[in-house]
Amino acid sequence: MNFRTDLAMELEQQHRSEGLTGVESEEWRAGQLSINRIRITQEQAARRIGKPVGEYVTITVPAFSDDVTAAHDEIEAMAEQIARLVGDDKGLVLVAGLGNVQITPDALGPKVIDGMLATRHIQGEVARAAGLE
């Protein structure tokens, strides 16, 4: 049976037995989170896996029905991974809130987006107000 996936973690697992070089994989736990980091470092591996050279992080969380308590340590672990990917230059970040707000189990993405403050469109205004332009 063929499974279609675009997650680097799953693609790396499919090709692991081939002895593929140019791919580094590590996995660890932070509280109840499972964090998987894939680094594709060579063009040949990128072509084989079907992902550009780069770093890919997959964070797996337990079902919300299993534990609905606030998990501060897990939120911090997620924030740490995002901050590490963005780096010190505080580059642009695309946030996609996938889901359907009308269907409770599928509403997390849109709910997260509702809490985001998008500032790219005001970057020039802030610079002008601060006298930096």
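In this text, all values refer to a predicted model and were calculated from it rather than measured experimentally.
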### Query
Looking at side-chain heavy atoms only, is the closest gap between Ile40 and Pro52 below 4.5 Å?
no

#### Entry: Exercise: identify the closest heavy-atom pair between Asn36 and Ser25
ND2-OG, 4.1 Å

### Message
With rounding to the nearest 0.5 angstrom, report the CD1 to CD1 distance, Ile49 to Ile38.
### Response
7.5 Å

### Query
If you round to the nearest 0.5 Å, how far is CZ of Arg48 from CD of Glu43?
15.5 Å

### Summary
Rounded to the nearest 0.5 angstrom, the CG-CE distance for Leu33 and Met78 is 5.0 Å

## Note on the structure
By side chain to side chain donor-acceptor pair (under 3.5 Å), Arg84 pairs with (sequence neighbours left out) Glu55

### Query
So Val57 and Ile35, side chain to side chain contact (heavy atoms under 4.5 Å, CB included) or not? Walk me through it.
CA-CA 7 Å; Val57 177; Ile35 303 173; 4.1 Å; yes

### Message
When you group the ILVMFWY residues by side-chain heavy-atom contacts below 4.5 Å and let the links chain together, are Leu108 and Ile113 in the same group?
### Response
yes

### side chain to side chain contact (heavy atoms under 4.5 Å, CB included) between Val23 and Thr41, intermediate numbers included
CA-CA 6 Å; Val23 179; Thr41 60; over 6 Å; no

### Query
Got a sec, which residues hit side chain to side chain donor-acceptor pair (under 3.5 Å) with Glu26, two or more places apart in sequence or on another chain?
Arg37, Arg39

### Query
Is Met116 reachable from Leu98 through a run of hydrophobic residues whose side-chain heavy atoms are each under 4.5 Å from the next?
no

### Message
Run the side chain to side chain contact (heavy atoms under 4.5 Å, CB included) test against Ser34 and tell me which residues pass, sequence neighbours left out.
### Response
Glu27, Arg29, Thr60

## Note on the structure
To the nearest 0.5 Å, atom CD of Gln42 lies from atom CZ of Arg47 at 10.0 Å

### Query
Looking only at heavy atoms, which two atoms of Gly22 and Ala45 are closest? And how far apart?
O-CB, 3.8 Å

